Visitor: 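The structure under discussion is supplied below as structure tokens; questions concerning it will follow.
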Amino acid sequence: VNLIKQKKRNPQMKLQNKLKDYFKENGLQMSWFAGKLWISKQQFYQVVGGFVPLPKKYWIGLIKMTKGKVAVEAEHSQARR
């Protein structure tokens with residue numbers, strides 16, 4: 001079962017790592033960031049945890065809020081899923 005979970009999470013590892021690094025570097029809380037994107041914090045935690053892809057309608061806001069540090073190459077890794 002753990003192997004299956006790891007396999008599902010691998011395509012999103014790049015996004016997950018970039019978001020975690022961004023929050024840590026900037027002292028931001030995920031719940032605050034989720035609110036600014038107008039996404040539920042539960043769904044955003046699932047995105048950051050690598051369990052679900054970020055819905056496309058949130059990508060522009062995410063890229064703007066991170067000033068490009070989390071950008072299109074992470075989106076493409078999710079789109080291949």
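In this chain, numbering begins with 1 at the start of the sequence shown. Every value quoted in this text rests on a predicted model; they were computed, and no experiment measured them.
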Visitor: Which residues satisfy the side chain to side chain contact (heavy atoms under 4.5 Å, CB included) test with Glu25, sequence neighbours excluded?
Guide: Asp21, Lys69
Visitor: At what distance, to the nearest 0.5 angstrom, does CZ of Phe51 lie from CD of Gln16?
Guide: 8.0 Å
Visitor: Atom CD of Gln46 and atom OG of Ser40: how far apart are they, to the nearest 0.5 Å?
Guide: 7.5 Å
Visitor: Can you confirm whether Leu54 sits close enough to Leu62 that some side-chain heavy atom of one is under 4.5 Å from a side-chain heavy atom of the other?
Guide: yes
Visitor: For Phe23, what residues pass the side chain to side chain contact (heavy atoms under 4.5 Å, CB included) criterion, not counting sequence neighbours?
Guide: Leu19, Leu28, Met30, Phe33, Phe44, Val48
Visitor: When clusters are formed by joining ILVMFWY residues with side-chain heavy atoms under 4.5 Å apart, either directly or through shared neighbours, do Ile63 and Trp38 land in the same one?
Guide: no
Visitor: Considering all heavy atoms of both residues, which atom of Gly61 and which atom of Leu37 are nearest to each other, and what is their separation?
Guide: C-CD2, 3.4 Å
Visitor: Kindly compute the distance separating CE (Met65) from OH (Tyr58), expressed to the nearest 0.5 Å.
Guide: 13.0 Å
Visitor: Show the nearest heavy-atom pair for residues Val47 and Pro53, with the distance to one decimal.
Guide: CG2-O, 3.9 Å
